[in-house]
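Inspection log for the structure reproduced underneath, given as structure tokens.
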Amino acid sequence: MATTAENVPQTKPRPGQITLSIDGQEVTCERGDTILEAAQRLGIHIPTLCYEPRLPATAACRMCIVEVEGARKVVPSCSSAASDGMVVRTNTDKVRAMRHLYLELLLSDHNSFCTPPCRDACPTHIKIPQFLDYIAHKDYKNGVRKLREDLPFPAILGRVCPRPCEGPCRRQLVEHPITICQLHRFMADQTIDEEQTGELLLPVEPKADTGRRIAVVGGGPAGLACAFYARLEGHSVKIFEALPKPGGMLRYGIPSYRLPRDLLDKEINVLWRMGVEIQVDSRLGVDYQLEDLLGEYDAVFLGLGAFSSNDMRIPGEDADGVVTAVDFLGELERTGEVHVGKKVTVIGGGFTAMDACRTSVRKGAAEVTCLYRRSRKEMPAHHTEVDEAEEEGVKLELLCAPLRVLTDAANKVTGIEMQRMELGEPDASGRRRPVPLEGSEFVIECDQVIAAIGQYPKLDGTSEEQGVKRTKWRTIEVDDWTFQTEDPRVFAGGDAVLGAQTVIQAVAQGKKAAWSIDAFLRGADMREVGQSLVELKAMPFFNALTAKTDIDPRVARMAEIPPVFIDMTTDVTHPSPPAEMPKLSPDERKANFKQIELGFSEEEAVRGAELCLDCYCPANGKCDLQRYSIEYEVFKNRFHGGDAHDYPADFRHDFIMREPNRCINCGRCVRVCRMEVGSSCYDNMGRGFDSIVSTADNLPLQLVGCVSCGKCAETCPTGSIETNPRLLASYDLDESRCIFCGECVEVCPYDALEQTDYFELAGYNRTTMARESLYVREPRPVDPLRETVPDLVPHVRDTVLGTGWVWDPIGDDPIDLGDPEEAG
Ligand code: FAD
């Protein structure tokens with residue numbers, strides 16, 4: 001039983017005992033106990049990174065320092081004996097400041113990160129370092145499987161995603177961010193053709209049929225993602241799509257020069273092959289009603305998108321020649337043709353505006369001008385799209401807003417009157433608000449105006465009376481965590497809930513809605529599900545990780561636990577910029593709809609993936625260094641000099657994996673291996689700043705007497721030594737050769753073998769053993785495969801286990817719905 005303040009009887013000290021005061025509490029302990037041990041009796045936690053209860057203290061990390069009344073200096077509590085009458089303070093300002101300093105020093109050469117910011121920034125939290133690792137090993141099939149744990153469409157998103165992951169990529173601390181998006185495009189392109197008829201690359205085997213049926217209305221990315229993940233849970237899923245083909249805005253918005261249609265069809269075909277039914281030309285509210293679906297299905301997901309365009313709210317917008325970008329692009333896709341003027345103006349600065357501009361160029365417009373009310377920096381379209389549009393001849397007219405459309409007597413567009421803007425104070429989105437400049441009006445002549453100033457959902461076939469409530473932004477109101485509408489059987493996600501946003505956000509919502517529907521169909525109390533997810537998000541990081549393990553993993557996977565980023569060292573000894581995506585030149589592309597981005601070669605992709613700094617750590621959430629860094633708020637480190645060590649990781653041993661960049665030289669492994677196990681595999685090597693715990697001559701562990709006990713990994717406080725998952729069959733003992741020396745019993749570090757009174761192996765005696773070896777042996781019962789725990793090198797682990805990475809944080813992007821105009 002652990003000794004705590006409650007269960008230690010505070011009686012008078014026996015002879016040989018002493019009494020001291022720690023943080024104002026009296027404690028009686030044995031003479032010879034350390035201050036740390038005395039504090040532990042009281043349940044007072046003193047931080048330490050190098051203390052190992054089974055071994056003599058070394059005070060190497062200095063984290064356990066305390067103040068002792070009358071002492072000139074602080075003392076390390078792990079190696080200072082408690083004495084009678086001593087007055088100890090464990091948590092004074094001075095002590096905390098010194099611990100802060102020690103942590104900064106430790107982190108200054110801790111060249112490794114806890115959590116990848118790229119994954120955090122991705123709305124669907126793709127396991128980025130892990131899939132890059134697969135690319136680096138040219139294992140594309142397993143890479144796609146890994147990616148599909150969170151994103152079913154790597155080829156599509158690899159072409160159209162605005163790449164929120166690349167913004168915070170830590171590689172740019174030294175040079176350029178990793179080309180994450182284009183790399184998963186590469187990986188998917190290697191496998192997609194084979195997958196059309198061959199093996200499906202699913203993250204897990206679909207579960208056995210549950211007998212439950214789900215109707216998904218809308219075949220855009222939200223609906224498709226919902227169908228994918230619901231099918232994996234074993235539910236039967238049917239998608240109802242109003243238009244002639246599935247894909248939503250992927251097909252009827254995004255032009256084919258960015259997203260070739262054969263690729264779109266191929267990724268959707270994976271759903272077909274999984275058994276998802278898709279019924280097209282089938283519109284909710286026209287061909288069937290919500291009640292019909294609810295009569296036939298156990299749950300309904302509404303992924304209706306945002307198909308209605310915002311009005312410009314200016315005179316003349318009903319003139320002949322004014323069209324919305326969504327209608328313009330949709331018509332081209334549906335009919336293969338669309339009317340394009342000679343002089344086209346496009347209003348807006350988002351994806352839709354850029355697509356309308358560039359499609360106009362391709363359809364033969366002589367002059368295309370994009371009019372946007374803020375500056376280039378604030379344009380919501382990805383900067384590469386704006387650059388490419390300009391290369392194709394699109395003119396940008398920035399900091400201006402439309403006042404009215406000018407027409408002739410037949411109400412045909414002749415021009416547009418604009419007003420200059422200047423940027424004022426930042427608005428809720430953080431961008432500076434455009435303010436009109438009086439007297440700055442000007443006219444641009446044109447014969448077509450394409451409005452791309454945002455969309456909102458067209459919620460045909462649903463009503464508040466049916467429990468599908470609307471928000472003030474004309475989107476569907478759902479519970480933030482369960483995606484349930486007021487009717488508990490009806491769920492919604494994607495643009496219909498978020499307003500016009502992005503594909504990756506729609507996918508993230510579709511995925512979580514599928515998991516939520518699954519919980520609902522399993523009979524979970526949805527109020528409790530939502531409540532536990534809210535609580536997890538509000539908890540401090542470590543508490544949330546612990547609490548997460550106590551709830552149903554199928555609910556826990558929906559949790560968004562905000563990570564804590566600690567500013568550690570990044571030192572990259574071999575900077576090397578990633579390859580640039582090869583593209584068609586402006587002349588080669590501007591008169592056709594050929595795919596512009598040509599894709600990486602294998603060599604470029606593998607090298608690009610190898611540039612990943614692997615800023616994830618398997619010890620994330622259980623690392624003491626991380627715990628104390630958070631507790632002591634070491635978020636900015638003044639000792640980063642950029643000359644930290646960059647040691648190679650050592651995966652040469654089958655079971656023990658070493659990442660010296662995470663080592664803090666606490667020496668616990670050295671001592672445990674020497675004193676507990678008797679193997680002496682490790683020692684402190686090198687001198688001064690260059691000293692590091694390693695094996696002699698940095699030999700592989702298996703050559704320095706390692707018995708694979710794993711005790712070094714068990715004691716490591718930082719994740720520098722980890723055990724690699726392995727599958728163990730039962731060990732076979734060749735009884736005909738055993739001489740019963742008992743050596744194995746002696747050396748087993750876990751006391752897994754025992755001797756009986758007769759000094760023979762437990763469960764055996766000579767007579768039975770002799771009999772067994774003389775006669776035909778009974779086959780031994782086969783032990784189920786034993787799995788060891790953690791998670792380090794994904795390609796190794798997954799090849800063996802075929803299962804997924806478990807750590808699952810983080811927060812959805814806050815979405816500003818206050819400014820619908822900017823979404824276009
Ligand atoms: P949608 O993709 O809109 O799909 C909704 C589906 O529901 C449609 O198929 C629709 O036909 C169907 N539907 C609607 N009503 C009914 C009904 N009553 N009955 C049956 N079916 C119905 N995002 C990016 O990330 N990157 C880009 O490069 C990008 N470019 C874009 C370019 C354009 C021109 C546009 C318009 C948008 C772009 N977006 C881009 C935004 C992105 O396409 C959307 O955010 C995303 O498609 C939303 O997915 P969704 O599934 O919620 O809705």
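Order of appearance sets the numbers: ligands from 1, and atoms from 1 within every ligand.
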Atom 2 (O) of ligand 1: nearest protein contact (heavy atom, Å)
M249 N, 2.9 Å
Does ligand 1 have any atom that is closer than 4.0 Å to a heavy atom of A356?
no
In ligand 1, the atoms that come under 4.0 Å of a heavy atom of A506 are 48 (C), 49 (O), 52 (O)
Examine the proximity of ligand 1 to R258 and report which part, side chain or backbone, both or neither, has a heavy atom under 4.0 Å away.
side chain
Given E390, which partner from the list R358, K590, R376, K395 fulfils the salt bridge (Lys or Arg N to Asp or Glu O under 4.0 Å) test?
R376
One residue to check: D495. Relative to ligand 1, which of side chain, backbone, both or neither has a non-hydrogen atom less than 4.0 Å away?
both
Any salt bridge linking E333 with R261? Criterion: basic side-chain nitrogen under 4.0 Å from a carboxylate oxygen.
yes
re atom 35 (C) of ligand 1, the protein heavy-atom contact at minimum distance is T352 OG1, 3.6 Å
Identify the residue among V338, V323, T359 that makes a side-chain contact (heavy atoms from CB on, under 4.5 Å) with L329.
T359
So which bit of V217 gets within less than 4.0 Å of ligand 1, heavy atoms only: side chain, backbone, both or neither?
side chain
Closest approach of L157 to H184 (non-hydrogen atoms, all atoms of both residues)
C-CE1, 3.6 Å
Going by the 4.0 angstrom heavy-atom rule, the piece of A325 near ligand 1 is neither
Does ligand 1 have any atom that is closer than 4.0 Å to a heavy atom of G461?
no
closest protein heavy atom to atom 6 (C) of ligand 1 is G303 O, 3.6 Å
Does ligand 1 have a heavy atom under 4.0 Å from the side chain of Q501, from its backbone, from both, or from neither?
backbone
What protein heavy atom sits nearest atom 21 (N) of ligand 1, and how far away is it?
A242 N, 3.1 Å
Heavy-atom pair of closest approach, residues A365 and V340
CB-CG1, 3.7 Å
If we only consider heavy atoms of A500, is any one of them less than 4.0 Å away from an atom in ligand 1?
no
Residue pair Q196 / N269, side-chain donor-acceptor N/O under 3.5 Å:
yes
If the condition is side-chain contact (heavy atoms from CB on, under 4.5 Å), which residues does E267 pass it with, not counting sequence neighbours?
R148, F153, P154, A155, I156, A188, I192
Distance to 0.1 Å, residue and atom name: give those for the protein heavy atom nearest to atom 4 (O) of ligand 1.
G220 CA, 3.3 Å
Atoms of ligand 1 less than 4.0 Å from L329 heavy atoms?
34 (C)
Kindly assign one of parallel, tilted or perpendicular to the pair Y140 and F186, based on the angle between their ring planes and the thresholds 30° and 60°.
perpendicular
Which segment of L224 sits under 4.0 Å of ligand 1 when only heavy atoms are counted
neither
I'd like to check which ligand 1 atoms, numbered from 1 as shown, lie under 4.0 Å from a non-hydrogen atom of G305.
1 (P), 3 (O), 5 (C), 52 (O), 53 (O)
So, is L284 polar-close to ligand 1, with some N/O to N/O distance under 3.5 Å?
yes
Is the distance between the ring centroids of Y252 and F307 less than 6.0 Å?
no
For E385, check salt bridge (charged side-chain N to carboxylate O under 4.0 Å, His left out) against everything at least two apart and list the hits.
R258
Closer than 4.0 angstrom, basic N to acidic O: yes or no for R251 and D265?
yes
Would Q455 count as a contact of ligand 1 if the rule is a heavy atom under 4.0 Å away?
yes
Which atoms of ligand 1 sit under 4.0 Å from any heavy atom of G253?
34 (C)
Proximal ligand 1 atoms for L243, defined as those under 4.0 Å from one of its heavy atoms:
11 (O)
With heavy-atom distances below 4.0 Å as the criterion, list the atoms of ligand 1 near G248.
2 (O), 4 (O), 8 (C), 9 (O)
Indicate, as side chain, backbone, both or neither, the part of Y252 found under 4.0 angstrom from ligand 1 when only non-hydrogen atoms are considered.
neither
Passing candidate, salt bridge (Lys or Arg N to Asp or Glu O under 4.0 Å) with E149, options K127, R119, R557
K127
Matching residue for S375 among E378, R373, K377 - test: side-chain hydrogen bond (donor to acceptor under 3.5 Å, both in side chains)
E378
Strictly by modelled atom types, are E166 and Q172 linked by a side-chain donor-acceptor pair under 3.5 Å?
no
Out of all atoms in ligand 1, which are within 4.0 Å of some heavy atom of P162? Include the element for each.
25 (O)
Counting from 1 in the order shown, the ligand 1 atoms closer than 4.0 Å to a non-hydrogen atom of F240 are 20 (C), 21 (N)
shortest atom 14 (C) of ligand 1-to-protein heavy-atom contact is with L304 O, 3.2 Å
Check whether any N or O atom of F307, backbone or side chain, sits under 3.5 Å from an N or O atom of ligand 1, and answer yes or no.
no
Answer yes when E392 and R589 have at least one side-chain N-carboxylate O distance shorter than 4.0 Å, and no when they do not.
yes
Which residue owns the protein heavy atom closest to atom 26 (N) of ligand 1, what's the atom, and how far is it?
V160 O, 2.7 Å
Shortest protein contact, atom 11 (O) of ligand 1 (heavy atom only)
E241 OE2, 2.6 Å
So is A222 polar-close to ligand 1, meaning N/O to N/O under 3.5 Å?
yes
Within 6.0 angstrom of K238 NZ, more than 12 heavy atoms from elsewhere:
yes
May I ask you to decide whether D311 forms a salt bridge with R313, counting only side-chain N to carboxylate O separations under 4.0 Å?
no
Identity of the nearest option to atom 47 (O) of ligand 1, non-hydrogen atoms only, from A496, G218, P221:
P221
May I ask you to establish whether R362 and Y257 are in a cation-pi arrangement, using a distance under 6.0 Å from NZ or CZ to the six-membered ring centre and at most 45° from the ring axis?
yes
